[in-house]
Amino acid sequence: MEAYLLCMLVGLLRASDPRLETYHVGANTISISGISSGAAMATQMHVINSETIMGAGIIAGVPFACSRGTIAGASACMLTPSVESVTSLEFLVTSGSFLGNVDSTSNLRHDKVYIFSGTSDTVVKPGNGPNIQRFYQHYISNRANIKTVFTMTAEHCMPTDTYGGRCETLSASNGYLNNCGYSAAYDLLNHIYGGTLKKPMNDTSVSGNLMKFDQNEFFHLSSPSTYSMDITGYVYVPEVCSQRISACRLHIALHGCRMGRKTIGDIYVRHTGYNEVAELNNIIILYPQVIPTVSNPNGCWDWWGYTGVYYATKHGFQITALRRMMERVSRY
């Protein structure tokens with residue numbers, strides 16, 4: 001009890017943003033997506049917490065654990081997907097499930113997965129898309145539950161229908177958001193949630209319910225920066241969900257390298273297209289944030305082990321923090 005009270009006191013002393021609140025989230029409605037390193041982390045979160053997470057959107061990502069825990073392995077995975085052994089990655093998941101480091105893979109059987117890989121991606125080579133597809137096909141029984149978009153002439157980016165640089169150009173100045181005339185945010189959410197979501201129009205407006213929240217408390221006695229995470233995160237709560245009357249859904253959207261708040265401000269959380277879809281379809285969007293550090297200068301999510309050897313297990317520091325955030329929002 002004393003340790004718990006000390007933890008709470010430290011959290012209060014560090015807090016500068018509001019506390020993340022709890023909402024009415026329906027059962028089996030939690031999903032996750034990400035771009036680049038955020039896509040790698042989304043895959044990790046999905047596989048590790050498959051008992052809770054029912055779908056994933058992977059944009060310019062890589063298969064689960066393909067880095068083998070090293071930066072050299074991560075680079076090889078991104079740039080030479082043709083030599084990647086997907087079967088060996090499946091073995092890692094099976095072993096992890098047996099040891100209790102990931103949830104039972106039987107939970108993945110009916111999940112929905114969306115995979116995007118641009119044909120012009122020079123950062124994460126396009127061959128990674130089919131590798132991710134083969135990985136998930138090993139676990140998901142209905143092939144129709146896996147949607148792939150592999151033919152778009154897109155660079156390494158989060159594709160939007162209205163915002164950002166040219167689709168085929170690497171656009172760091174726009175936060176790696178590219179105007180491809182196509183909303184990946186809508187397409188992946190629509191696929192994950194059954195294909196019946198209302199699609200935003202050009203005049204669709206959001207109600208201004210994008211809020212900051214304190215990430216400190218999800219790390220207990222340590223500082224978020226110890227694990228390359230920001231003290232501040234964002235959450236978008238549709239007007240209906242804020243009233244806590246009707247059940248809403250929860251989606252976690254993970255930015256990529258050099259796309260966090262410390263690097264591009266709120267460009268990612270405002271212009272990816274998630275909020276407009278969320279407002280029309282009663283989906284809460286959680287936007288956790290990573291920061292650049294000495295061990296992680298580009299502000300990437302940990303998919304190669306810079307936070308420790310347990311990075312891709314239930315015991316990983318970032319995985320644990322994300323799970324605590326997810327549980328906070330959805331507990332009712």
* Asked: Is it the case that one hydrophobic cluster holds both Tyr311 and Met326, taking links as side-chain heavy atoms less than 4.5 Å apart, direct or via other members?
  -> no
* Asked: Are any side-chain N or O atoms of Asn142 and backbone N or O atoms of Ala144, one a donor and one an acceptor, separated by less than 3.5 Å?
  -> yes
* Structure fact -> In short, Met229 meets Pro288 closest at the heavy-atom pair CE-CB, 4.5 Å
* Would you please say whether a donor-acceptor pair under 3.5 Å links the side chains of His271 and Thr160? => no
* Start with the C-alpha gap between Tyr227 and Thr320, add the side-chain angles, then the distance that decides, and say whether side-chain hydrogen bond (donor to acceptor under 3.5 Å, both in side chains) holds. => CA-CA 11 Å; Tyr227 309 109; Thr320 299; over 6 Å; no
* Are we looking at SG atoms under 2.5 Å apart for Cys167 and Cys157? -> no
* **Residue pairs passing the salt bridge (Lys or Arg N to Asp or Glu O under 4.0 Å) test where at least one lies in residues 73-93, sequence neighbours excluded** => Arg68-Glu84
* To do: For the residue pair His255 and Tyr268, categorise the inter-ring angle as parallel (less than 30°), tilted (30 to 60°) or perpendicular (more than 60°).
  => perpendicular
* Sequence neighbours excluded, every pair satisfying salt bridge (Lys or Arg N to Asp or Glu O under 4.0 Å) that has a member inside residues 220-232 -> Asp230-Arg261
* Considering all heavy atoms, the nearest Pro238-Asn209 contact -> C-ND2, 3.8 Å
* Asked: Are Leu189 and Asn281 close enough that some pair of their side-chain heavy atoms sits under 4.5 Å apart?
  -> no
* Counting only heavy atoms not in Phe317, do more than 12 sit closer than 6.0 Å to its CZ atom? -> no
* Identify whether Val240 and Leu250 are in the same connected component of the hydrophobic contact network (ILVMFWY, side-chain heavy atoms under 4.5 Å). => no
* Got a donor-acceptor contact below 3.5 angstrom from the Asp302 side chain to the Thr307 backbone? -> yes
* Asked: Given the rule that I, L, V, M, F, W and Y join up when any side-chain heavy atoms are under 4.5 Å apart, are Met45 and Val235 in one cluster?
  -> yes
* **Tyr23 side chain reached by Val237 side chain, heavy atoms, under 4.5 Å** => yes
* **Summary of salt bridge (Lys or Arg N to Asp or Glu O under 4.0 Å) pairs that have at least one residue in residues 147-170, sequence neighbours excluded** => Lys147-Asp187, Arg166-Glu168
* When clusters are formed by joining ILVMFWY residues with side-chain heavy atoms under 4.5 Å apart, either directly or through shared neighbours, do Trp301 and Tyr310 land in the same one? -> no
* Validation row: Leu286, Leu20 side chains within 4.5 angstrom (heavy atoms) -> yes
* To do: Output, in order, the C-alpha distance, side-chain angles, deciding distance and verdict of side-chain hydrogen bond (donor to acceptor under 3.5 Å, both in side chains) for Tyr306 and Asn296.
  => CA-CA 7 Å; Tyr306 67 76; Asn296 176 35; 3.1 Å; yes
* **Inter-residue atom distance Tyr139.OH - Ile146.CD1, 0.5 Å rounding** => 12.0 Å
* Indicate, with yes or no, if Phe91 and Val86 share a hydrophobic cluster defined by side-chain heavy-atom contacts under 4.5 Å among Ile, Leu, Val, Met, Phe, Trp and Tyr. => no
* Judged by atom type as modelled, is there a donor-acceptor pair below 3.5 Å linking the side chain of Thr226 to the main-chain atoms of Ser223? -> yes
* Asked: How long is the gap from NE2 on His156 to CD1 on Ile35, to the nearest 0.5 Å?
  -> 4.5 Å
* Asked: Do Phe64 and Ile48 come close enough that some side-chain heavy atom pair is under 4.5 Å?
  -> yes
* **Shortest non-hydrogen contact from Ile267 toward Leu177** => O-CD2, 4.1 Å
* To do: Name all residues meeting the side-chain contact (heavy atoms from CB on, under 4.5 Å) criterion together with Thr80; count only those two or more places apart in sequence or in a different chain, and write none if there are none.
  => Ala76, Val83
* Going by heavy atoms in the side chains, are Asp111 and Asn145 under 4.5 Å from each other? -> no
* Asked: Looking at CZ of Arg109 and CD1 of Ile140, how far apart are the two atoms once the value is rounded to the nearest 0.5 Å?
  -> 11.0 Å
* So, is the end of the Arg249 side chain (NZ or CZ) under 6.0 Å from the ring centre of Tyr193 and within 45° of the ring's axis? -> yes
* Grab the two heavy atoms, one from Ser31 and one from His251, that are nearest each other, plus how far apart they are. => OG-ND1, 2.6 Å
* Could you grab the distance from atom CD1 of Ile319 to atom NZ of Lys314, nearest 0.5 Å is fine? => 11.5 Å
* Heavy-atom pair of closest approach, residues Asn178 and Thr169 -> ND2-O, 2.8 Å
* Asp103 (side chain) donor-acceptor with Ser50 (main chain) under 3.5 angstrom -> yes
* Asked: Is there a donor-acceptor contact under 3.5 Å from the side chain of Tyr163 to the main chain of Gly273?
  -> no
* Asked: When you measure from the side chain of Ser117 to the backbone N and O of Pro126, does any donor-acceptor pair fall under 3.5 Å?
  -> yes
* Structure fact -> Hits for side-chain contact (heavy atoms from CB on, under 4.5 Å) against Ser104, two or more places apart or cross-chain, chain-then-number order -> Ser97, Ser106, Asn107
* Are any of the side-chain heavy atoms of Asn128 and Asp121 separated by less than 4.5 Å? -> no
* Scan for disulfide bond (SG atoms under 2.5 Å apart) pairs involving residues 38-131, sequence neighbours excluded, and state none if there are none. => Cys66-Cys77
* Run the side-chain hydrogen bond (donor to acceptor under 3.5 Å, both in side chains) check on Asn275 and Tyr287 step by step: do they pass? -> CA-CA 11 Å; Asn275 299 341; Tyr287 295 104; 2.6 Å; yes
* From the options Phe135, Tyr136, Tyr114, select the one residue that forms a ring pair (Phe, Tyr, Trp, His ring centres under 6.0 Å) with His46. => Tyr136
* Are Phe116 and Met152 side-chain neighbours, meaning at least one heavy-atom pair lies under 4.5 Å? -> yes
* **Interatomic distance, Glu327 atom CD to Leu322 atom CG [nearest 0.5 angstrom]** => 11.0 Å
* Test item: Asn190 and Lys199 side chains (from C-beta on) under 4.5 Å apart, heavy atoms -> no
* Asked: Thr22 side chain to Arg328 main-chain N or O, any donor-acceptor pair under 3.5 Å?
  -> yes
* Asked: Could you give the distance from CD (Gln289) to OH (Tyr234), rounded to the nearest 0.5 Å?
  -> 6.0 Å
